[in-house]
Amino acid sequence: MSITIGLMMHCMFSRPWLMLHGALLKVRLDSNVFVGNGLIAMYGKCGCLLEARRALDEVPSRDVVSWNSMVAGYAQNMQFDDALEVCREMEALKQKPDADLLGRAGQVDEAYNFIKQMPVEPNERVWGALLSSCRVYSNMDIGLLAADNLLQLAPEQSGYYVLLSNIYAKAGRWKEVTAVRSLMKRRRIRKTPGISNVELNNQVHTFLAGDTLHPQSKEIYEELGVLVGKMKELGYVPETDSALHDVEEEDKECHLAVHSEKLAIVFALLNTQNSPIRITKNLRVCGDCHIAAKLISKIAGREIVVRDTNRFHHFKDGICSCGDYW
Ligand code: ZN
Ligand code: ZN
């Protein structure tokens with residue numbers, strides 16, 4: 001299975017790719033829903049939407065992933081009318097479109113129009129995905145609209161207030177940043193402390209921001225210092241933006257260098273050899289930790305997988321699988 005998908009990736013954009021589909025058809029591999037879904041996604045990614053649609057029609061036991069891959073294919077290629085049409089087909093079959101599909105290409109306006117026309121009422125996940133892309137692409141107008149909907153749908157979720165405050169901060173609107181913070185205080189929205197977990201020899205090690213209680217703390221901070229030096233040689237500049245405004249992540253008084261995921265990563269580097277490092281984080285990874293994890297994966301030659309509240313981040317050779325969108 002993985003060989004098949006690997007081959008498909010390799011063949012993407014090339015003629016052999018189409019020949020491969022022919023071969024798959026012959027041996028009836030795409031009667032397998034996983035292979036079929038891989039085909040739909042790969043065709044969608046390289047813009048071969050007719051082929052993607054054909055693959056969707058040919059998968060006999062298509063599931064929600066098949067349909068979502070098709071919607072994603074159209075959305076990624078800016079064919080929002082077709083994406084909507086597939087959403088309607090999904091609705092008729094009682095399937096739900098996946099919110100992660102939205103806004104990834106930076107086309108926040110199109111994504112918003114897409115949401116407005118969705119046949120189902122946009123839920124928290126849909127608005128949340130849109131708000132995230134507004135933060136990434138600095139779209140204040142739509143960001144405020146998304147935040148408005150979210151604060152009604154989920155008034156207790158601190159993460160949305162933080163995203164909103166980040167959008168204001170990025171635009172230099174400090175008065176509004178303060179207003180959002182006051183609103184959080186008035187509504188008694190509690191910030192969750194950042195915690196990262198990493199497993200070693202069947203034992204879970206937990207790190208808090210600025211943690212000094214772990215028995216290997218001294219060693220961890222020393223190694224982190226060495227790594228930060230190497231990171232700076234590669235052009236790393238600590239991203240103070242996240243330190244000041246990602247109040248969701250950690251208290252702003254906590255220095256960026258000691259966010260819990262950094263400690264967990266260094267701990268795993270010190271105690272394991274070649275295996276991928278797997279971390280879980282209870283909050284969204286901040287911009288600075290994201291850059292740090294990318295650089296550490298390159299410097300240490302290690303694969304680092306961080307599962308945060310939004311998604312999996314696979315850091316390898318200085319690049320993250322999320323494409324810096326999360
Ligand atoms: Zn961080
Ligand atoms: Zn990432």
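When a ligand or atom number is given, it counts from 1 through the structure's own listing order. Please read these numbers as outputs of a predicted model, since none were measured by experiment.
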Is there an N/O/S atom in C289 at a distance below 2.8 Å from the Zn ion (ligand 1)?
-> yes

Three-point angle H259:ND1, the Zn ion (ligand 1), C286:SG, rounded to the nearest 10° | 110°

D63 versus N37, side-chain donor and acceptor atoms under 3.5 Å = yes

H290: its N/O/S atom lying closest to the Zn ion (ligand 2) (atom name) | NE2

Return the name of the atom in H313, of element N, O or S, nearest to the Zn ion (ligand 2).
-> ND1

Indicate yes or no: does K294 engage D317 in a salt bridge with an N to O separation below 4.0 Å.
-> no

Given E58, E85, E89, the one that forms salt bridge (charged side-chain N to carboxylate O under 4.0 Å, His left out) with R53 | E89

Does the ring of F312 carry R307 above it, NZ/CZ under 6.0 angstrom from centre and within 45° of its axis?
-> yes

